[in-house]
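First up is the structure itself, then whatever we jot down about it.
To find a chain, count down the sequence lines: A is the first, B the second, and so on, and within it residues start at 1. As the structure is a computational prediction, the values presented were derived from the model and not from experiment.
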2 protein chains.
Amino acid sequence: MRVQTARTDTADRMLDLAERLVQTRGFNGFSYADIASALDVTKASLHYHFPTKAELGRRLIERYSDAFTSALVALDESGVGALDKLRAYVEIYAGVLRNERMCLCGMLAADYATLPEPMKSAVTHFFEVNERWLAAVLEQGRVAGELHFAGPPLEVARLLVSSLEGAMLVARSFNEVSRFQWIADRLLTDLSAAESVSTGARSIENPYPVG
Amino acid sequence: MRVQTARTDTADRMLDLAERLVQTRGFNGFSYADIASALDVTKASLHYHFPTKAELGRRLIERYSDAFTSALVALDESGVGALDKLRAYVEIYAGVLRNERMCLCGMLAADYATLPEPMKSAVTHFFEVNERWLAAVLEQGRVAGELHFAGPPLEVARLLVSSLEGAMLVARSFNEVSRFQWIADRLLTDLSAAESVSTGARSIENPYPVG
DNA sequence: GTCTATAGGTGGATAGAC
DNA sequence: GTCTATCCACCTATAGAC
């Protein structure tokens with residue numbers, strides 16, 4: 001059993017940069033040359049670790065999805081209430097946006113038609129995992145009397161995922177994180193109040209700086 | 001004053017196809033060669049009408065934005081109520097999605113970081129126009145007692161634009177228009193009911209088949 | 001207004017030395 | 001595991017004939 005010598009493995013650094021490039025420029029908006037020059041390695045070295053761009057893309061989603069899932073599991077094990085879970089969930093998105101990025105899978109959803117098949121199914125799987133987790137949280141909150149909404153939790157969960165992804169997409173164009181924050185706050189307010197009573201100043205803390 | 005001879009001008013056909021390619025594959029997901037081969041012309045001919053890809057992109061947004069604005073003006077002049085305006089607005093989006101496309105400017109928002117400057121400002125302008133129009137409709141509906149929401153209309157308008165864009169983005173990945181329709185219906189229901197009472201089957205008619 | 005031809009560059013990807 | 005060198009397909013864009 002051998003621990004990696006380098007603090008950050010080369011392949012990981014490649015993935016880190018590739019991830020940022022996809023999240024900012026899209027899957028068709030960067031090249032192996034971009035990564036190679038930034039990391040001071042050759043394209044050939046990149047191809048050693050990631051034979052094809054399709055494979056690189058697949059690995060990116062895999063890693064991103066796993067990290068996301070871990071964060072959601074950690075939230076479940078934290079024992080906090082449903083509303084706080086939703087706040088933390090929103091904060092993950094906000095952290096991504098603060099780094100001037102779009103959600104990896106939200107970005108890939110835009111590029112969807114041009115993606116190789118393995119990446120396509122990984123993208124939709126990401127959304128489904130998120131929707132299922134949110135649906136469970138919503139149900140938990142409804143049972144606890146903490147959240148109020150009509151209809152199936154999964155349907156509300158889908159509204160949340162779509163709205164947050166869209167809010168990131170648009171807010172990033174304006175380079176205004178506040179655009180995202182206001183929308184996210186309003187979505188949560190509408191769920192936590194018995195009737196639609198969302199006015200005044202809302203703010204959310206900052207516990208999950210991510211990505 | 002001379003009417004174009006051809007039923008559809010060549011430049012228009014080029015724009016039509018380029019628009020579809022951007023809406024399905026993104027601005028970095030197609031080439032002049034794609035358009036040329038599909039229309040049976042040469043790349044050089046394309047460059048005659050649209051010297052650079054940046055100029056082609058700018059013209060695409062211009063045309064799309066103008067068509068959208070015309071549709072909104074027509075709605076204003078139709079004299080229908082605020083809720084029906086919102087329904088028609090949603091139906092424009094639904095029509096785009098049914099053609100297996102993403103909103104042009106929603107797609108370009110994903111490609112934003114890679115766009116030439118003139119395209120960037122045209123994209124954000126599109127969103128602002130939509131938000132302003134929606135804010136006016138929301139205010140109209142609130143005054144008429146037809147819509148119920150708290151806070152500034154512009155804030156709710158931004159929620160609507162972002163949520164609809166996100167719903168298109170995600171629904172297109174699943175190739176499920178119904179995902180979009182459920183979310184859009186729920187958004188409108190939440191605005192039209194005094195309290196959040198959205199259950200059961202909702203449906204919306206189909207008056208604006210669009211691009 | 002459309003064509004042929006091509007420039008000049010970059011894309012993803014591979015062979016083979018070290 | 002990283003390099004040099006290279007392939008070939010494709011990219012945006014232009015020159016100049018018709």
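- B:F126 and B:Y64 have their aromatic ring centers within a separation under 6.0 angstrom.
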Run the numbers on A:M14 and A:V41 for side chain to side chain contact (heavy atoms under 4.5 Å, CB included), then give the verdict.
-> CA-CA 10 Å; A:M14 290 170 175; A:V41 293; 4.1 Å; yes

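- Contacts of A:Y32 with the nucleic acid, taken as non-hydrogen atoms under 4.0 Å apart, involve only primed sugar atoms and P, OP1 or OP2.
- With a 6.0 Å cutoff to the six-membered ring centre and a 45° limit on the axis angle, B:K43 does not count as a cation-pi contact of B:Y48.
- Among C:dA15, C:dA5, C:dG12, the nucleotide with an atom closest to any side-chain atom of B:A44 is C:dA5.
- Atom CZ of A:R186 and atom CD of B:E155 lie 4.5 Å apart (nearest 0.5 Å).
- Sequence order on DNA chain D of the closest nucleotides to B:A54 and A:T42 puts A:T42 first from the 5' end.
- Over its length, the helix from C:dG1-D:dC18 to C:dC18-D:dG1 turns its helix axis by 0°, as judged from the five terminal pairs at each end, rounded to 10°.
- First and last contacting nucleotides of DNA chain D toward chain A (any atom under 4.0 angstrom from a heavy atom, 5' to 3' order): D:dG1 to D:dT4.
- Put simply, the side chain of B:R58 reaches to within 4.5 Å of the side chain of B:E62, judged on heavy atoms.
- At a threshold of 4.0 angstrom between heavy atoms, the contacts of A:D40 are confined to the sugar-phosphate backbone, with no base atom among them.
- The residue among B:F30 and A:V41 whose nearest nucleotide of DNA chain D lies closer to the 5′ end is A:V41.
- Spacing between atom NZ of B:K43 and atom C1' of C:dG9 amounts to 12 Å, rounded to whole angstrom units.
- Across A:D111 and A:F27, no two heavy atoms sit closer than the pair OD2-N, 2.8 Å.
- Not counting sequence neighbours, B:F180 has no partner by the ring pair (Phe, Tyr, Trp, His ring centres under 6.0 Å) test.
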